[in-house]
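In what follows, a structure is listed as structure tokens, so that the remarks can point back to it.
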Amino acid sequence: MRYSKALIPTLKEAPSDAISISHILLMRAGYIRRIGAGIYSFLPLGLKALRKIEEVVRGEMNQAGSQELLLPAILPAELFKESGRWDKFGDTLFRLKDRKGGDYHLGPTHEETITDLARREIHSYRELPQNWYQVQNKYRDEPRPRGGLLRGREFLMKDAYSFDASEEEALSSYESMRLAYRRIFDRLGFRYRMVGADSGAMGGSKSAEFQVLVQSGEDFIAACDSCEYAENIEVAAAPRPSTSDATASDATAPDAQTPEAVEEIATPGRGSIEAVSKFLKTEPAKFLKSLIYTAGEELVMVVVRGDHEVNEIRLARELGVDEVHLANGKAVKEATGSPIGFIGPVGYKGRILIDHDAAALSEGICGALKNDYHLAHVVPGRDFQAEAASLRLVTAGDACPKCGKGLSIYRGIEAGHIFVLGTHYSEKMNAVYLDEAGEKRPLVMGCYGIGISRLVASLVEQHHDDSGIVWPVAAAPYPVHITQMGTSDAVVAAVAKLERELEELGIEALIDDRDLRPGVKFKDADLIGLPWRITIGERSLKEGQVELKPRTEPNPKAAQAIPLDGAARHLAELIAAATNLSSLAKTN
RNA sequence: CGGGGCGUAGCUCAGUUUGGUAGAGCGCCUGGUUUGGGACCAGGAAGUCGUCAGUUCGAAUCUGGCCGCCCCGACCA
């Protein structure tokens, strides 16, 4: 591709509405343009990158035995009404009416559509298993689109669905998808973790998220650096405190073994753990932090250690409800007779849950249920009764549940998610097959998604430097960027020669033949981020040489002189080596 | 949906407080000088000031409605 003919509108300055690094760089390098909130056009380079990623995904899906099909993006309401999601999806669903007033919507995901296909076309156990996928735009009216391609209202997704005769076979389908996903993320050059996730809402029995690790990620992941354990912090269970932990946290307290009687302390105007701990010159870990949550109709008090945070997902599960919310000040006052900041479990009449770590404290400080007062020497079990459970968020340094080493907390972008769905949809939609005995059984389903357009942005989040994008080979729009220096006959001829030779090897190159100053062209090359740059100019061409610089080389001046003759073959070898490396990495 | 902010040239922004008829840098066009890391000189084109209504002799500027966008939160297969 000749740059002089290409649509690559690079920008010196980023549009002010772009905040995330991938959004800024994809805009500046001329890959995408915004059309509306969460809606983007892909310009030629952006589409190239998208297609590269798509092809990696497609290749691995095919390899894993999944068959590609294409479902519609616009869907009649009936199927979602059948599954109950017409209502459940709420405002997130883009709804429309046809000229006759019939209800339609844009597909946010395609479980219903595929289940409908399956119930029509699969009749016998002899036809199982099946695994179908598509690459299709999805539409969700997100409450808050953000980060450019990271969370759009229109986005490209690869979604696959498996159909099996039994739960065991479904697990084997799931396993083959898990391996395919690992290969996909490895080949694309991601730093990622496969993490256990909250699959409860989908009615699934097993699920894993593929989280791309970046600082800007929206999700928090508890992961072990010594073993493969990783879980979304939403579901990660904090380790049960051992006795040694309890004494360790009390190490600074003299005579902690013989707790005194409860003592009331005036703490005027100090309604936060921070304020009270400063006031009493003690640490937050010695507090029994009490919070009132609403869980459906019920109000419950939750007690965690002062330095811990409540894991609301685990709390909701413990209580058997979909979600919990912190009660507002009015409700707290009504329930406890005390303002927020001074509530505590001692003397509280309602239901109390306590986190294991808080319960393990030999004594603690908590609100007195009375404005401007706290209680000291409160002993869980002696001064109040509560149901103990694991209710706190895991923190860095907590013990890994698998190997016992310290956990780290990472931020991640959920780029892929695989589920065993079970019979949730097949039962609702009567998608059944006949087994060997002639009995009707619901299909056991799995679903497997990868956000393709999100992968583009995620890669940029992970692979960039101060000058621009640094594409891994597998996703780069072109592997080679040729910078033509000047327009002398010799240079023009050398560029044409290399172009021809690369073409013969099936290697596409972006050739910057624009009549611009070198600095401009180098800046654009860095911004665009193709893996290898070849500079062809009079200077080295006199010796029959061109200059080669990998984009990963941080020093802008560090280029390696290689002979023009054989340069194409040399590049071919570099590309092949890099491609093999990434595809061979960790394919367990 | 709650809180905050923004909307002026293709992009980044000034001008709004105190109303007087629109500016800069970058980009773009023309000519010239330049040419190995975002050159320089000269000239030029380009804006319904988001939109509608109101106040006023006069509105980018004041008032109200609407629309759009961004950020934080809530929410999120």
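Throughout, protein chains are lettered first and strands after them, A, B, ... in sequence-line order, and every chain is numbered starting at 1. Only a predicted model underlies this, so the values are computations on that prediction, with no experimental measurement involved. Every heavy atom of this structure was used, including side-chain atoms; hydrogens, water molecules and symmetry mates were not.
Of the charged side-chain nitrogens involved, none lies within less than 4.0 Å of a carboxylate oxygen, so that A:K81 and A:E78 do not count as a salt-bridged pair.
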Distance-only criterion, 3.5 Å: show the donor-acceptor pairs between side-chain atoms of residues 33-43 of chain A and protein atoms not counting sequence neighbours.
residue : atom : partner : partner atom : Å
A:R33   : NH1  : A:M27   : O            : 2.8
A:R33   : NH2  : A:P9    : O            : 2.7
A:R34   : NE   : A:D17   : OD2          : 3.4
A:R34   : NH1  : A:G36   : O            : 3.4
A:Y40   : OH   : A:H23   : NE2          : 3.2

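Of the candidate nucleotides B:A77, B:G37, B:A74, B:A77 has the atom nearest to the side chain of A:H417.
Taking the C1' atoms as reference points, B:A39 lies 15 Å from B:G27, given to the whole Å. As rounded to the nearest Å, B:C52 and B:C26 have P atoms that lie 33 Å from one another. Rounded to the nearest Å, the gap between the P atom of B:G7 and that of B:A60 is 15 Å. Annotation: B:A59 and B:A42 have their C1' atoms spaced 37 Å apart (nearest Å). Distance check on atom C1': B:C70 versus B:G50 gives 15 Å, rounded to whole Å. B:G32 and B:A24: their C1' atoms are spaced 25 Å apart (whole Å). Comparing the same atom, C1', in B:C29 and in B:G15 gives a spacing of 27 Å after rounding to whole Å.
With a cut-off of 3.5 Å on both Watson-Crick or G-U wobble distances, the partner of B:U16 is given as none. With a 3.5 Å ceiling on both atom-pair distances, the Watson-Crick or G-U wobble partner of B:G10 is B:C26. Under the Watson-Crick or G-U wobble criterion, with both distances below 3.5 Å, B:G36 is left unpaired in every strand shown. The partner of B:U51 is B:G65, judged by Watson-Crick or G-U wobble contacts that both fall below 3.5 Å. Pair assignment for B:G73: B:C1, on the basis of Watson-Crick or G-U wobble contacts that are both within less than 3.5 Å. Base pairing of B:G31: its partner is B:C41, meeting the Watson-Crick or G-U wobble criterion (both donor-acceptor distances under 3.5 Å).
Counted by atom type alone, A:S207 and A:H417 present one or more donor-acceptor pairs between their side chains at under 3.5 Å. No hydrogens or angles considered: nothing links the side chains of A:Q545 and A:E543 as a donor-acceptor pair under 3.5 Å. For the residue pair A:N311/A:E234, the side-chain donor-acceptor check at 3.5 Å is not satisfied. No hydrogens or angles considered: nothing links the side chains of A:Y425 and A:S83 as a donor-acceptor pair under 3.5 Å.
Below the 3.5 angstrom threshold, one finds no donor paired with an acceptor across the side chain of A:R85 and the base of B:A77. Taking 3.5 Å as the limit, the base of B:G25 and the side chain of A:E13 contain a donor-acceptor pair of atoms between them. Donor-acceptor pairing under 3.5 Å, judged by distance alone, is present between the side chain of A:R151 and the base of B:C76. Judged by distance alone with a 3.5 Å cut-off, a donor-acceptor contact links the side chain of A:R28 to the base of B:G38.
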For nucleotides 30-36 of chain B, print each protein N/O atom paired with a nucleotide N/O atom at under 3.5 Å, atom names and distance only.
residue : atom : partner : partner atom : Å
B:U34   : O2   : A:R517  : NH1          : 2.7
B:G36   : O2'  : A:R539  : NH1          : 3.2
B:G36   : N1   : A:E547  : OE1          : 3.2
B:G36   : N1   : A:E547  : OE2          : 2.9
B:G36   : N2   : A:E547  : OE1          : 2.2

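Partner of A:Y293 under the side-chain hydrogen bond (donor to acceptor under 3.5 Å, both in side chains) criterion, chosen from A:E298, A:H325, A:E312: A:E312.
Note on A:P15: only backbone sugar-phosphate atoms sit closer than 4.0 angstrom, heavy atoms only; bases stay farther off.
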